[in-house]
Amino acid sequence: VVGMNFYIGNSIDEIDEQDVNVEFSDELIDFIYKMRDRTSFDMSKLYQIDPYDDVEISKGDLAEISRICKNILDAMLLQNYEEPDEGNQMLQDLLKIIQKAMSSDSGLVSIGD
């Protein structure tokens with residue numbers, strides 16, 4: 001899967017590629033980006049994460065990204081995605097790692113391909 005991997009940590013130097021991480025596909029980010037005008041809530045915090053670059057996501061942004069994931073799941077927005085179950089699972093996995101990061105007072109780092 002081409003995409004990005006989310007790790008718990010405040011900086012790129014701090015993470016270990018062997019650590020627990022969550023994979024998120026480029027296709028899913030594209031799909032969410034294309035839906036942006038059809039939703040009543042702002043999803044930019046999620047789709048603006050560059051899937052090709054390494055990005056540090058501050059702990060201040062985690063609650064917003066968590067809300068976006070929950071909204072997408074609650075509104076069943078992925079029913080037209082080519083792999084809806086896989087897409088929903090990626091969102092749920094991202095929610096889990098966000099909760100872990102928040103409880104350890106940490107941010108996330110996204111490592112792109």
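Rounded to the nearest 0.5 Å, atoms CD (Glu23) and CE (Met90) are 6.5 Å apart. Note: Thr39 OG1 to Met43 CE = 4.0 Å, rounded to the nearest 0.5 Å. Note that SG of Cys69 and CD of Glu64 are 10.5 Å apart. Values are rounded to the nearest 0.5 Å. Rounding to the nearest 0.5 Å gives a distance of 6.5 Å between CG of Leu46 and CD1 of Ile65. Considering CD of Gln99 and CG of Leu62, their distance stands at 10.5 Å, rounded to 0.5 Å. In this structure, Ser40 OG and Arg38 CZ are separated by 13.0 Å, a value rounded to the nearest 0.5 Å.
Closest non-hydrogen pair, Ser104 versus Ile8, comes out as OG-CG2, 4.1 Å. The shortest non-hydrogen separation linking Tyr81 to Ser25 is OH-OG, 3.3 Å. A pairwise comparison of heavy atoms in Asn21 and Ile97 identifies CA-CD1, 4.0 Å as the closest pair.
Asp61 contributes no side-chain N or O that, together with a main-chain N or O of Ile57, makes up a donor-acceptor pair within less than 3.5 Å. Not a single donor-acceptor pair under 3.5 Å links the side chain of Asp53 to the backbone N or O of Val55. Proximity of a side-chain donor or acceptor of Asn10 to a complementary backbone N or O of Gly107 within less than 3.5 Å is detected. Here the side chain of Asp54 pairs a donor or acceptor atom with the backbone of Gly112 at under 3.5 angstrom.
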Determine, step by step, whether Asp93 and Gln89 satisfy the side-chain hydrogen bond (donor to acceptor under 3.5 Å, both in side chains) criterion, reporting the C-alpha distance in whole Å, the side-chain angles of both residues, the deciding distance to 0.1 Å, and the verdict.
-> CA-CA 6 Å; Asp93 290 346; Gln89 189 59 57; 2.9 Å; yes
side-chain hydrogen bond (donor to acceptor under 3.5 Å, both in side chains) between Asp13 and Ser11, intermediate numbers included = CA-CA 5 Å; Asp13 304 334; Ser11 70; 4.8 Å; no
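Proximity of Met4 to Asp113: side-chain heavy atoms (C-beta onward) are nowhere separated by under 4.5 Å. Residues Val109 and Phe6 form no side-chain contact, since every pair of their non-hydrogen atoms from C-beta on lies 4.5 Å or further apart. Side chains of Ile68 and Tyr47 form no contact here, defined as non-hydrogen atoms less than 4.5 Å apart.
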Please output the side-chain donor-acceptor pairs of residues 70-78 that fall under 3.5 Å, not counting sequence neighbours, one pair per line with the distance.
residue: Asn71; atom: ND2; partner: Arg67; partner atom: O; Å: 3.4

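By the side-chain contact (heavy atoms from CB on, under 4.5 Å) test, Ser103 pairs with no residue at all, sequence neighbours left out.
Tyr7 and Val20 fall into different hydrophobic clusters, defined by Ile, Leu, Val, Met, Phe, Trp and Tyr side-chain heavy atoms under 4.5 Å apart, directly or through other members.
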